[in-house]
2 protein chains.
Amino acid sequence: MSMDFEKEEVSATSNQLDEETLFVVSQTFKALSDPTRIRILNLLCSGEYSVNDLAEKLNLGQSTVSHQLRFLKQLRLVKYRRAGTTLYYSEDDDHVMNLLKQAIEHAIHH
Amino acid sequence: MSMDFEKEEVSATSNQLDEETLFVVSQTFKALSDPTRIRILNLLCSGEYSVNDLAEKLNLGQSTVSHQLRFLKQLRLVKYRRAGTTLYYSEDDDHVMNLLKQAIEHAIHH
DNA sequence: TCAATATATGAACATATGCTCATATATTGA
DNA sequence: TCAATATATGAGCATATGTTCATATATTGA
């Protein structure tokens with residue numbers, strides 16, 4: 001068995017990010033880099049919304065919203081609960097939502 | 001003259017982000033959504049580097065690094081200082097670098 | 001079971017993105 | 001001024017991305 005280094009120590013030593021960290025970080029920011037997704041996530045900050053609710057409030061096509069929700073769902077940034085034929089989506093990642101809030105706050109106050 | 005609302009109050013009322021905020025936020029995250037740019041910014045966390053330094057340390061083409069630095073420069077995320085023919089690049093936006101550090105920390109510890 | 005409603009999906013399209021190659025530009029020292 | 005070195009730039013290319021359209025799927029109430 002080789003020495004058991006923490007990722008933290010490795011990066012502190014080499015100053016380089018490992019492949020997996022790089023992938024996770026870039027994916028996270030990619031999720032937040034599109035205006036449509038930002039608007040969806042921003043609305044979900046204030047509670048649950050169905051697909052049609054989101055589409056109406058944001059003036060987007062139902063298909064567009066559904067596609068983006070699938071994207072966000074795959075990254076586990078949102079989750080949903082079913083009520084009949086309606087799916088209520090809500091946020092599912094405090095850390096990422098926090099990054100978004102910070103960026104919005106910063107943008108607004110500058 | 002119309003009433004002078006703060007952006008903050010508007011968004012608190014309508015729960016919607018204005019066009020400009022949306023643009024700034026998406027641009028910011030777009031800058032952080034590419035592995036190459038993440039690696040460059042992560043290195044710049046530890047000090048100044050010339051274009052060639054960055055290319056060598058990160059195993060990237062000189063042109064690739066230069067193009068990405070131009071991108072980051074336009075968003076004012078990096079700046080440079082000249083020393084002869086060499087340009088030393090360094091970080092220029094504490095807030096955005098902070099977002100990056102948070103995401104990296106979170107990715108590493110999960 | 002069937003119609004109505006809500007959502008998901010896939011193909012097609014236009015646009016955006018990132019890299020590479022070749023070359024241009026700029027600064028320095030001789 | 002000229003060669004050497006460092007960096008910037010633009011075109012071209014392959015791939016990724018986001019939206020739309022049409023249609024599929026799923027759930028419910030009658």
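Keep in mind that this is a model prediction, so the values were computed, not measured. Residue numbers start from 1 in every chain, and the chains themselves are labelled A, B, ... in the order their sequence lines are given, proteins ahead of strands.
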- Per the side-chain contact (heavy atoms from CB on, under 4.5 Å) rule, which among A:Thr64, A:Asp53, A:Leu43 passes with A:Leu58? A:Leu43
- Task: State, to 0.1 Å, how close A:Ala83 and A:Tyr88 come at their nearest heavy-atom pair, and which atoms those are.
- Result: CB-CE1, 3.7 Å
- Item | A:Ser66: side chain to side chain donor-acceptor pair (under 3.5 Å) partners, not counting sequence neighbours | none
- Note: A:Ile40 and A:Leu72 closest approach over all heavy atoms is CG2-CD1, 4.2 Å
- Residue among B:Asn42, B:Leu100, B:Leu32 satisfying side-chain contact (heavy atoms from CB on, under 4.5 Å) with A:Val25: B:Leu100
- Check whether any side-chain N or O of A:Thr64 sits under 4.0 Å from OP1 or OP2 of D:dT20, and answer yes or no. yes
- Under 5.5 Å between ring centres and under 30° between planes: does that hold for B:His67 against the base of D:dT9? yes
- Note on the structure: Between B:Val96 and B:Asp93 the two heavy atoms that sit nearest each other are N-OD1, 2.9 Å
- Task: Check A:Val24 against B:Ala107 and note the closest heavy-atom contact, atom names and distance.
- Result: CG1-CB, 3.9 Å
- Task: Determine whether the aromatic ring centres of B:Tyr89 and B:Tyr80 lie less than 6.0 Å apart.
- Result: yes
- Note on the structure: When every non-hydrogen atom of B:Met97 is compared with those of B:Cys45, the smallest separation belongs to CE-SG, 3.5 Å
- Query: Hey, is CZ on A:Arg76 packed in by over 12 heavy atoms from elsewhere, all under 6.0 Å?
  - Reply: no
- Kindly work out whether a path of hydrophobic side-chain contacts (I/L/V/M/F/W/Y, heavy atoms less than 4.5 Å apart) joins A:Phe71 to A:Leu41. yes
- Query: Does D:dT19 have OP1 or OP2 sitting under 4.0 Å from an N or O in the side chain of A:Gln68?
  - Reply: yes
- Query: Can you tell me how far NZ of A:Lys57 sits from OG of A:Ser46, rounded to the nearest 0.5 angstrom?
  - Reply: 7.0 Å
- Task: Mind listing the closest non-hydrogen atom pair of A:Asp34 and A:Gln68 along with its distance?
- Result: OD2-NE2, 3.8 Å
- On DNA chain D, nearest-nucleotide positions of B:Ser66 versus A:Ser63: which is more 5'? B:Ser66
- Query: Which residues, if any, of residues 50-59 of chain A bring a heavy atom under 4.0 Å of DNA chain D?
  - Reply: none
- Query: Which nucleotide of DNA chain C is the first, and which the last, in the 5' to 3' direction, to come under 4.0 Å of a heavy atom belonging to chain A?
  - Reply: C:dA6 to C:dG10
- Contacting residues from residues 22-36 of chain A, given that a heavy atom lies under 4.0 angstrom of DNA chain D: A:Lys30, A:Asp34, A:Thr36
- Look at the rings of B:Phe29 and A:Phe29 and say which category their plane angle falls in: under 30° parallel, 30 to 60° tilted, over 60° perpendicular. parallel
- Task: Grab the CG-C1' distance between A:Leu60 and D:dC21 for me, whole Å please.
- Result: 16 Å
- Note on the structure: Note, DNA chain D 5' to 3' with Watson-Crick or G-U pairs under 3.5 Å encoded as ( ), [ ], | and . gives ||||||||||||||||||||||||||||||
- Task: Decide whether A:His106 and A:Gln102 meet the rule of one side-chain donor and one side-chain acceptor closer than 3.5 Å.
- Result: no
- Return the residues of residues 82-92 of chain A meeting this criterion: a heavy atom under 4.0 Å from some atom of DNA chain D. Order them by number, or give none. A:Arg82, A:Gly84, A:Thr85
